[in-house]
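Since the model is a prediction, treat every value here as computed from it, not as a measurement. These values consider heavy atoms only, across backbone and side chains, with no hydrogens, waters or symmetry-generated copies.
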Amino acid sequence: MSFTPFHSIDTSVVGTNVELIAIGSNVNNIKSILITNTDTSALTISLFLQDTTGDKYHILYQVSLPAGVSLHLDSDDMLAFNNSPSGYSLNISTSTTSDTLDVLIKK
């Protein structure tokens with residue numbers, strides 16, 4: 001599975017739960033994640049790891065992000081996780097089906 005560093009998300013097209021990095025992509029050394037609200041209103045977002053059984057482990061949980069604002073996560077320790085075939089995927093979710101946001105991942 002290939003790594004995609006840039007995501008332009010429209011939840012009316014792709015749904016409210018988006019997989020950013022799939023399990024088995026072997027992307028273990030993320031340096032930073034930039035989440036930008038490109039919508040005209042505030043978003044509520046959650047960023048989480050998910051294992052093969054569907055269990056979720058939240059990095060961010062229901063964080064309100066005002067319109068036009070970016071959130072930069074840049075702690076190597078916080079963003080390190082097992083992304084092997086038996087590890088975790090990285091996902092983002094929003095609260096509604098009419099949200100737009102950009103996610104940039106640097107490894």
Considering only distance and modelled atom types, tabulate donor-acceptor pairs under 3.5 Å from the side chains of residues 60-68, sequence neighbours left out.
none

> Aromatic rings Y57 and Y88: how do their planes relate, parallel, tilted or perpendicular, breaks at 30° and 60°?
Replying inline: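 Y57 vs Y88 ring planes: perpendicular.
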
What's the shortest heavy-atom distance between [X] and [Y], and which atoms?
X: L79; Y: L73; value: CD1-O, 3.6 Å
X: F81; Y: N28; value: O-OD1, 3.0 Å
X: N91; Y: Q50; value: ND2-CB, 3.6 Å
X: L90; Y: L49; value: CD1-CD2, 3.8 Å

>> Between I30 and I21, is the side-chain contact (heavy atoms from CB on, under 4.5 Å) condition met? List the steps.
In response: CA-CA 11 Å; I30 295 174; I21 301 175; 3.5 Å; yes

> Given side chains that start at C-beta, do those of V18 and V103 come closer than 4.5 Å, heavy atoms only?
Replying inline: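 No, their side chains stay 4.5 Å or more apart.
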
> Would a 4.5 Å heavy-atom cut-off, applied to side chains only, mark K107 and P5 as touching?
Replying inline: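 Not in contact.
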
> Judged by modelled atom types alone, do T38 and T100 share a side-chain donor-acceptor pair under 3.5 Å?
Replying inline: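 Result is yes, a qualifying pair exists.
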
Inter- and intrachain pairs under salt bridge (charged side-chain N to carboxylate O under 4.0 Å, His left out), touching [range], at least two apart:
range: residues 60-74; result: none
range: residues 29-50; result: K31-D76
range: residues 4-23; result: none

> If you group Ile, Leu, Val, Met, Phe, Trp and Tyr whenever their side-chain heavy atoms sit less than 4.5 Å apart, what else falls in with L104?
Replying inline: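 The other cluster members (ILVMFWY side chains, heavy atoms under 4.5 Å, direct or chained) are F6, L34.
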
> Residues in salt bridge (charged side-chain N to carboxylate O under 4.0 Å, His left out) with K56, at least two apart?
Replying inline: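 Per chain and number, K56 pairs via salt bridge (charged side-chain N to carboxylate O under 4.0 Å, His left out) with no residue.
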
>> Would N17 and S93 count as a side chain to side chain donor-acceptor pair (under 3.5 Å) here? Give the steps.
In response: CA-CA 4 Å; N17 188 13; S93 66; 5.2 Å; no

>> Walk me through whether T53 and D51 qualify under side chain to side chain donor-acceptor pair (under 3.5 Å).
In response: CA-CA 5 Å; T53 65; D51 65 17; 2.7 Å; yes

> Between T11 and T96, is there a donor-acceptor pair closer than 3.5 Å when you use the side chain of the first and the backbone of the second?
Replying inline: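 Yes; at least one donor-acceptor contact below 3.5 Å.
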
> Counting distance only, does the side-chain N/O of N83 pair as donor-acceptor with the main-chain N or O of G87 below 3.5 Å?
Replying inline: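 Absent.
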
